[in-house]
Amino acid sequence: VQLQASGGGLVQAGGSLRLSCAASERTVSNHYVGWFRQAPGNERDFVALISPSGVNTDFSDSVKGRFTISRDNARDTVYLQMNSLKAEDTARYYCAAGGRFSSAKWTYDYWGQGTQVTVSS
């Protein structure tokens with residue numbers, strides 16, 4: 001199973017980006033999907049997650065109120081809308097699919113290659 005994250009790029013502080021996570025074999029629509037990010041020299045940290053139905057979501061404190069997560073199961077895609085971006089949001093963003101509502105990396109079975117987000121100050 002392959003997850004594909006896309007939508008990253010270079011944006012000025014205060015700007016917005018929307019990341020997408022797509023997969024084959026109905027992986028996204030049947031699983032909990034999380035977004036994580038990793039800056040150089042740092043661990044991969046939890047950002048957001050969404051349940052298969054889309055009803056339940058969770059966010060890290062650092063992005064709460066600025067990021068939203070949504071899904072389109074018909075397209076087997078999950079979106080991460082990032083607003084009011086800050087320089088400290090600069091990282092490689094990864095999406096992952098797993099079987100439980102959890103922010104712990106080890107609970108996710110499938111990972112994508114990631115997409116780079118760079119926020120200039």
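Nothing fancy with the numbering, it's 1 onward along the sequence.
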Test of understanding: clusters of I, L, V, M, F, W, Y form through side-chain heavy atoms closer than 4.5 Å, transitively. Do [X] and [Y] belong to the same one?
{"X": "F59", "Y": "V78", "result": "yes"}
{"X": "V119", "Y": "L17", "result": "yes"}
{"X": "L85", "Y": "Y94", "result": "no"}

* To do: Nearest 0.5 Å please: distance from the OG atom of S60 over to the CG atom of D45.
  =>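 With rounding to 0.5 Å, OG (S60) is 8.0 Å from CG (D45).
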* Asked: Quick one: CZ on R66 to OG on S84, what's the gap to the nearest 0.5 Å?
  ->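 Result: 7.0 Å between the selected atoms.
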Is there a side-chain contact between [X] and [Y] (heavy atoms, below 4.5 Å)?
{"X": "L80", "Y": "V47", "answer": "yes"}
{"X": "S62", "Y": "R37", "answer": "yes"}
{"X": "C21", "Y": "W35", "answer": "yes"}
{"X": "L19", "Y": "M82", "answer": "yes"}
{"X": "R71", "Y": "V33", "answer": "yes"}
{"X": "Q2", "Y": "Q113", "answer": "yes"}
{"X": "Q116", "Y": "T90", "answer": "yes"}

* Just say parallel, tilted or perpendicular for the rings of F67 and Y93, cut-offs at 30° and 60°. =>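 F67 vs Y93 ring planes: tilted.
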* Indicate the ring-plane relationship of F36 and W111, choosing parallel, tilted or perpendicular according to the 30° and 60° boundaries. =>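 Correct class here is tilted.
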* Asked: Do NZ/NE/NH1/NH2 and the carboxylate oxygens of D89 and K86 come within less than 4.0 Å?
  ->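 Salt bridge absent between D89 and K86.
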State, to 0.1 Å, how close [X] and [Y] come at their nearest heavy-atom pair, and which atoms those are.
{"X": "A13", "Y": "S121", "answer": "CB-CA, 4.2 Å"}
{"X": "G8", "Y": "V117", "answer": "CA-CG2, 4.1 Å"}
{"X": "T77", "Y": "S20", "answer": "CG2-CB, 4.1 Å"}
{"X": "A23", "Y": "L3", "answer": "CB-CD2, 3.1 Å"}

So, the side chain of [X] versus the backbone of [Y]: is there a donor-acceptor pair under 3.5 Å, distance only?
{"X": "S51", "Y": "N56", "result": "yes"}
{"X": "D58", "Y": "I50", "result": "no"}
{"X": "T115", "Y": "S6", "result": "no"}

* Are S16 and N83 close enough, and set up right, to give a side-chain hydrogen bond (donor to acceptor under 3.5 Å, both in side chains), and what steps lead you there? -> CA-CA 4 Å; S16 299; N83 299 327; 2.9 Å; yes
* **Near-ring test Y108/H31, centroid separation under 6.0 angstrom** =>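 Ring centres of Y108 and H31 not closer than 6.0 Å.
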* CD/Q38: more than 12 non-hydrogen atoms of other groups inside 6.0 Å ->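 Above 12, so yes.
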